[in-house]
Asker: 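I am attaching a structure below and will ask some questions about it afterwards.
Counting starts at 1 for both ligands and their atoms, in listed order.
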Amino acid sequence: MYKKGDSETYGELKPYLDRLMALHTAQVLFGWDQQTQAPKEANPRTSAVIGILSGEYYRTVTDERLKTLKEACEKDAGLTDTEAAIVRELGDTMEKLSCIPEKEYRQFAELTARAAAVWEKAKKEKNFEAFAPTLKEILNIQKHFASCRAKNGEKLYDVMLGGYEKNFDMECLDRFFGRLREVIVPFVKKLTESGVRIDDSFLTGDFSEEKQAQIARFVAGYVGFDFQRGVLGVSAHPFTMSLHNRDVRMTTAYNNHVDDAIFSVIHEAGHAMYELHIPDELTQTLVGTGTSMGMHESQSRFLENVIGRSRAFWVPVYPKLAEVFPEQLSGVSLDDFVRAVSKVQPGPIRTQADELTYPIHILIRYELEKMLVEEDLPVWDIPEVWAGKYEEYLGVRPEDASEGALQDIHWSQGSFGYFPSYALGSAFAAQFYSHMRRTMDIDALLEKGDLSPIWEYLRENVHRYGKMKTSRQILKDATGEDFNPQYYIDYLLEKYGGLYQVSA
Ligand code: ZN
């Protein structure tokens with residue numbers, strides 16, 4: 001009789017898992033390098049190396065011996081809970097990869113690599129027509145892949161959504177986005193018509209990169225980022241990646257809006273803390289990372305928006321900022337600053353959106369993706385439908401395609417079903433926040449500069465599980481309630497109703 005953790009079958013599986021982990025780690029590290037330090041001309045040659053690594057990954061996952069061992073492990077009662085979860089995750093990965101022939105995978109990878117350049121050029125030239133044929137090709141392949149993966153008559157868009165967030169299908173998302181459309185869309189209208197104007201002009205100006213970097217490092221450390229186990233770099237678009245729980249890297253970007261760099265760092269630190277808090281037992285395994293894209297965004301958005309844009313957070317931090325930028329911030333009070341960083345301004349660009357209008361950008365993409373995948377909307381009609389929805393929901397119309405349907409890279413990469421996780425992240429964050437407030441006085445802690453009880457809550461309820469639980473399970477176990485979008489609606493109405501003195 002074996003005791004748990006002594007499974008011989010799992011012992012045989014382990015070298016394959018280690019190999020997958022090593023290949024994955026190498027790819028992640030190359031990804032970091034390409035976006036931060038690699039010289040421009042390195043790209044074609046380095047891409048060839050990355051291609052070989054991903055081919056090795058594919059072959060390891062689809063190896064016949066691995067399949068046999070995985071099936072034996074599934075029947076083995078001697079596995080620990082962690083081992084069983086790793087085997088489950090391996091099964092998911094194998095299923096996703098093996099239902100599509102390697103040749104089609106490679107072709108798709110080549111297509112999206114080409115598409116990135118086509119998209120970039122079309123965006124620069126503000127010409128949607130130039131991108132449309134490529135987009136149509138990508139969409140058709142993604143529909144084909146989804147139909148290969150679909151089980152028991154599952155709808156194609158549900159399959160795509162499930163690839164990013166398990167158990168959040170159209171039925172659930174229709175309810176979620178429906179509430180945003182019914183409540184937040186008219187609320188934004190009311191708020192912009194309220195006549196209340198917030199001055200944020202002092203956030204734009206001549207802020208030296210060196211001083212911004214100094215503040216970025218200070219803020220990262222202040223919120224808990226550990227520089228002995230992490231790196232803060234610079235890249236065009238801020239991101240976070242993790243090799244394991246002793247090496248988590250994040251970036252920010254510096255421009256003439258000082259708030260961009262600061263809030264990017266706070267946002268990325270939210271992602272980074274999730275990965276730094278993955279327990280030793282799970283790190284470098286298939287379950288040793290954040291459970292989903294939406295849950296990851298919940299952590300970054302919680303730290304950036306709920307915590308980082310609150311007045312209480314800035315009580316101990318603002319004096320430091322004012323000290324670094326004495327001229328730029330002279331005469332700007334703590335309250336002026338806090339109001340400025342929460343200003344609502346409907347606009348056409350998602351990545352520049354404020355906290356309140358952001359989910360409406362996602363609502364529009366969700367409705368469009370649904371039309372493209374489920375209702376066969378021709379891709380050539382996208383700009384018209386896009387502009388119409390922006391006009392109706394946000395009262396703005398894109399001037400050209402670069403501010404419209406060409407603004408995001410996601411579709412050129414075949415990432416349909418990805419956008420909803422951004423809005424779900426904010427909604428998860430609001431549900432955690434409401435629950436957290438019942439057990440601690442968050443504002444009082446922030447005013448004292450003590451974030452540790454907040455981290456303790458998140459580590460205990462979210463981070464330590466890695467991928468052992470789905471986001472829906474985590475929410476339920478932590479807050480005692482299934483996903484409930486009402487917390488998010490209430491949070492937005494309370495915060496922005498207060499700031500602009502309007503009610504829903
Ligand atoms: Zn993020």
Asker: Taking the side chain from Glu403 and the backbone from Ile349, do they hold a donor-acceptor pair closer than 3.5 Å?
Answerer: no
Asker: What is the NE2(His267)-the Zn ion (ligand 1)-NE2(His271) angle, to the nearest 10 degrees?
Answerer: 100°
Asker: Can a donor-acceptor pair be found, under 3.5 Å and without considering hydrogens, that links the side chain of Arg179 to the backbone of Arg175?
Answerer: no
Asker: Do Lys166 and Asp92 sit within salt-bridge range, that is, some charged N less than 4.0 Å from a carboxylate O?
Answerer: yes
Asker: Using a strict 4.0 Å threshold on nitrogen-to-oxygen distance, state whether Lys343 and Asp354 make a salt bridge.
Answerer: no
Asker: Output yes if His296 passes the N/O/S-under-2.8 Å test against the Zn ion (ligand 1); output no otherwise.
Answerer: no
Asker: Which single N/O/S atom of Glu297 lies at minimum distance from the Zn ion (ligand 1)?
Answerer: OE2
